[in-house]
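Notes to accompany the following structure.
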Amino acid sequence: MTSSRKGSGPSRLGRLVGSYDRPVSLPRVRFAPAPTGFLHVGSARTALFNWLFARRSGGEMVLRIEDTDASLKTQAYVDAIVEPLRWLGLDWDGEPVFQSERRGLHLAAIERLLADGRAYFCDLSRAEIEQRCEEAGLPVGYHGFSRHRDVADGPGVVVRFRCDDDGATVVNDIVRGRVSFGNESLEDFVIRRGDGSPTFHLANAVDDCDMGISHVIRGEDLLNTTPRVLLLWEALGFGPPPAYAHLPLLVNAKRQKLSKRRDDVALDIYRGRGYLPEAMVNCLALLGWGPPDEVEIRPLAEIVALFDLEAVKPAPAFFDPVRLDHINSTYIKALPPEQFADAAVPFMFQPDAPKEDPDATEDARVREVAVRLAGDLQDRIDKLADVGGWVDWILSGEVRYDEKAWHKAMVKGRAAADVLAMVEARLADDDFSSAERLESIVMGVGDKLSERLGERVRSQPPVRVALTGRSAGLPLWEPMRLLGKSETLSRLHAARTRL
RNA sequence: GCCCCCAUCGUCCAGCGGCCUAGGACGCCGGCCUUUCACGCCGGUAACACGGGUUCGAAUCCCGUUGGGGGUGCCA
């Protein structure tokens, strides 16, 4: 790995020196998202790999917001990045850096390229470029039309970088090896927009140099643009460029890049469904990388210790929700009851709509249910949003019968009326202080009736349907205590009258 | 169109020339446990895209084909 650059002095920017003086011996990486209103799972994975690499190597990770496009600049957009990163537990060194605030540096670099003849002005619109292509019989593209037109600077005039027409630009990629681009396929790209703002390629080169970035770890979709940055880097005399590592794309089941339109890409969606951040991180770490010992679900600290950028696989990785469920369920099972309750309570009022600010008494009741049923619930759910479906009958104060379940247990089932009557009578004498005793009372009724009728009578199904409305669910006994004696008896009675 | 990347079970990852009759995990199927549903445990299913080389020997190296994906903006 071409890791430690031998930069001479803290900055190779010369008169563009910024504020990031530091020795370059330890790696320094950056996570550089564009603020788009939410954090994409792919971006989260990129952030994670940068973070893992930095933590593993003892280096630093900085957060740089790529907001050269003025429309991307709002506090809400920044929060939409920072907040999910915090949720995941990914921290960064120093304060976030805003590219928009470093404009002076970028413009100075543009001036220098202009002065050195490495860049020039162009006033051609998209339509004019297309027209010239057509007239010259050239394929669509720019083809350096304004190189010798001596366009003067002015409103709406852009600055383009003059690319070499021959030779090749090579990216030595840590995960892909040597990737070569023929320069003839590179066009003179825009480095300053018509409104005077620098574009991201330019800002990228300048900021990576100025901030002392040693490794650029990002998505494969940016591999094609790397030659541009490398060319700028060289033209600006920045010395040896950072090492690059282009991570495999995250794709959907149809093997397409995850997209906002088709797929659930916002990290917040997963948080809202009750995926634990630790599970999310663990899952993300396994996309494109795997630990050498094949133990996949493990604490972050171990992942940090084992992480190796050079072991990242180049093939695209399917972000599989089923796998996420499995990992999440494993993390949920491992939670101590109290912690499980903390995490689950917000999801118990309404599935898919965690309640922000529950009323205090209701909250205490819900929390008690969560704590006392923790183990049984943890075994049954993949994500916290699923919890409501198991306990709603305890919390809602009413039963909604599933007619199929009713029919099976009450109509087709043997001696349902007798079961309900006997259970109700025997329960009336109990104080509901022991779940085990409740179990033996209910089961005892079944045994008794089996003996009396000379055939197997199951007492649990009618009781379960009477209490929960459904044919399957949690073990009944602790929930019965939670439901309380009077509610239990009244539901049994209600079912009996409905027969 | 042009440029670039990728290619081991359905999926994620192991394999970096002989230890591979290809390993693990998820999923799926079957069994055990269980007077519900689950959890857990045991077992099974299933892959080196194709064709040429190189080599004593290739899933592993090279070339080609096919297939998939990405890029091709005054977005990043």
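So that the names make sense, note that chain A is the first sequence line, chain B the second, and so on, each numbered from 1.
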Whole angstroms only, please: what is the CD-C1' distance between A/Gln99 and B/A76? 9 Å
Taken to the nearest whole Å, CH2/A/Trp477 to P/B/U36 is 10 Å
Where is the tightest heavy-atom contact between A/Phe318 and A/Leu287, given as atom of each residue plus distance? O-CD2, 3.5 Å
Charged N to carboxylate O under 4.0 angstrom, A/Arg437 versus A/Asp430? yes
Positions of residues 450-466 of chain A (non-hydrogen atom under 4.0 Å from RNA chain B), listed by number: A/Arg456, A/Arg458, A/Gln460, A/Arg464
Judged by each residue's nearest nucleotide on RNA chain B, which is more toward the 5′ side, A/Arg160 or A/Val251? A/Val251
By the 4.0 Å heavy-atom rule, please label A/Pro475 as base, sugar-phosphate, or nothing. base
Before accepting this row, confirm whether a basic side-chain N of the pair A/Arg64/A/Glu66 lies closer than 4.0 Å to the acidic partner's carboxylate O. yes
Length of the line joining A/Phe161:CZ and B/C74:P, which is rounded to integer Å: 16 Å
Whole-Å distance between B/C4 C1' and A/Arg176 CZ? 10 Å
Can you tell me how far P of B/G71 sits from CG of A/Leu223, to the nearest Å? 12 Å
Mate of B/C48 where both pairing distances stay under 3.5 Å, Watson-Crick or G-U: none
In terms of side-chain geometry, is the basic nitrogen of A/Arg400 or A/Asp392 positioned less than 4.0 Å from the acidic oxygen of its partner? no
In whole angstrom, give the distance that lies between atom CD of A/Glu184 and atom C1' of B/C3. 9 Å
Nearest-nucleotide check on RNA chain B, A/Pro139 vs A/Leu249; residue mapping nearer the 5' end is A/Pro139
Can you tell me how far C1' in B/A7 sits from the matching atom in B/C41, rounded to whole Å? 37 Å
Write down the partner of B/C29 under the Watson-Crick or G-U wobble criteria, each distance required to be under 3.5 Å. B/G43
When the P atoms of B/A38 and B/C29 are compared, how many Å lie between them, rounded to an integer? 12 Å
Pair A/Lys448 + A/Glu451, salt bridge at N-O below 4.0 Å: no
Looking at A/Lys333 and A/Asp382, is there a salt bridge between them, counting it only when a charged N and a carboxylate O are closer than 4.0 Å? no
Looking for any heavy atom pair under 4.0 Å, which part of the strands does A/Leu222 touch: base, sugar-phosphate only, or nothing? base
Taking 4.0 angstrom as the limit, do A/Asp386 and A/Arg380 come out as a salt bridge? no
Measure the distance from CD on A/Glu220 to P on B/G71 and round it to the nearest whole Å. 10 Å
Under the 3.5 Å rule, do the base of B/C37 and the side chain of A/Arg380 count as making a donor-acceptor pair? yes
Under 3.5 Å, N/O pairs linking protein and nucleotides 24-30 of chain B:
from  : atom 1 : to       : atom 2 : distance (Å)
B/G24 : O4'    : A/Glu294 : OE1    : 3.2
B/G24 : N2     : A/Glu296 : OE2    : 2.6
B/A25 : O2'    : A/Glu296 : OE1    : 3.4

Under the side-chain hydrogen bond (donor to acceptor under 3.5 Å, both in side chains) test, residues paired with A/Ser434 that sit two or more places apart: A/Glu436
N-O pairing of A/Arg176 and A/Glu220 below 4.0 Å: yes
Which part of the nucleic acid, if any, lies within contact of A/Gly288, taking any heavy atom under 4.0 Å across all strands shown: a base, the sugar-phosphate backbone alone, or nothing? sugar-phosphate
Check against ring-ring contact (aromatic ring centres under 6.0 Å, His included), A/Trp92 and A/Phe31: CA-CA 9 Å; A/Trp92 54 89; A/Phe31 172 53; 9.0 Å; no
Whole angstroms only, please: what is the CD1-C1' distance between A/Ile327 and B/C12? 9 Å
